[in-house]
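Quick notes on the structure that follows.
Every number for a ligand or one of its atoms is a count from 1 in the order of the listing.
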Amino acid sequence: MGKPKLVVSTGAGISAESGIKTFRDAGGLWENYPVMQVASADGFRRDPALVHQFYNHRRHELLKVKPNAAHLALVELERDYDVYIITQNVDDLHERAGSANVLHLHGELMKIRSVSDPEYIESLDADHLDTTPQTRGRRGDLMRPHIVFFQEAVPNIEPAVELVAQADIFVVIGTSLNVYPAAGLLHYVRPGVPIYYIDPNPASTVGIPDVHVIKEPATRGMEQLAKILTSRH
Ligand code: APR
């Protein structure tokens with residue numbers, strides 16, 4: 001019998017205390033950028049250079065920040081649990097914190113992919129953060145940010161649903177539960193499996209049984225959750 005399976009769904013809120021802006025909080029990313037211009041398929045068709053610049057800017061920001069205590073607390077839990085992270089975030093803070101299993105639903109900022117072949121993906125490094133619509137990969141393909149834009153499919157939602165359906169404990173951290181299909185993962189938890197939701201300003205979870213809301217920022221909420229989980233284990 002392996003360790004209990006702890007499945008965690010994270011949103012922008014877990015990276016807030018690292019200094020990365022969320023999207024919908026006051027002063028959030030979508031207040032300064034028209035989301036449909038910089039993060040949608042139509043916007044990318046209309047002005048690809050603007051979209052490349054938007055993600056170039058976010059990559060430079062990402063290099064200035066590091067994982068916070070909430071990311072690290074999730075790594076600590078791997079001692080007692082099989083921890084699987086499903087994240088809407090495109091930052092690499094879970095990976096940099098040392099999490100073993102990270103599934104990105106909305107893509108990855110530090111990767112680019114072929115415009116013509118979505119399976120062909122390359123990683124960017126600190127010396128080559130910037131891309132343009134003319135950027136070509138090593139194979140010669142024109143490349144684009146490896147991001148799921150609005151109006152595009154979320155290919156990783158199927159494996160994410162499978163993970164949630166196998167969870168012994170499900171944890172949601174720092175998401176406004178505004179964006180589907182990610183927000184719907186809650187509904188795939190087996191009956192009787194406890195759900196913990198850490199968020200200082202939690203969205204309503206009316207209608208979803210067994211949700212324990214921890215109304216705290218991610219770092220403090222994870223301290224409380226770690227105590228609950230290590231006592232029950
Ligand atoms: N700790 C935990 N949660 C926090 C903190 C914090 N310190 N600060 C803010 N939050 C919470 C907010 O209360 C909110 O519930 O983080 C959540 C941020 O919500 P959004 O900005 O909507 O981010 P998210 O839910 O991840 O957005 C989902 O929308 O724009 C798309 O693709 C983008 O992945 C993103 C998706």
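A salt bridge links Arg144 with Glu152: the distance from a Lys NZ or Arg NE/NH1/NH2 to an Asp or Glu carboxylate oxygen falls below 4.0 Å.
In this structure Thr131 satisfies the side chain to side chain donor-acceptor pair (under 3.5 Å) test together with His52, Asn56, sequence neighbours excluded. By the salt bridge (Lys or Arg N to Asp or Glu O under 4.0 Å) test, Glu223 pairs with no residue at all, sequence neighbours left out.
The shortest distance between side-chain heavy atoms of Asn178 and Arg24 falls below 4.5 Å.
Annotation: cation-pi geometry satisfied between Arg139 and Tyr120 (NZ/CZ under 6.0 angstrom from ring centroid, within 45° of ring axis).
Listed as neighbours of ligand 1 are Gly11, Ala12, Gly13, Ala16, Glu17, Thr22, Phe23, Arg24, Asp25, Trp30, Gln88, His106, Phe150, Gly174, Thr175, Ser176, Val179, Asp199, Pro200, Asn201, Pro217, Ala218, each bearing a heavy atom under 4.0 Å from the ligand.
A salt bridge (Lys or Arg N to Asp or Glu O under 4.0 Å) check over residues 153-182, counting only residues at least two apart or in different chains, returns the pairs Asp168-Arg190.
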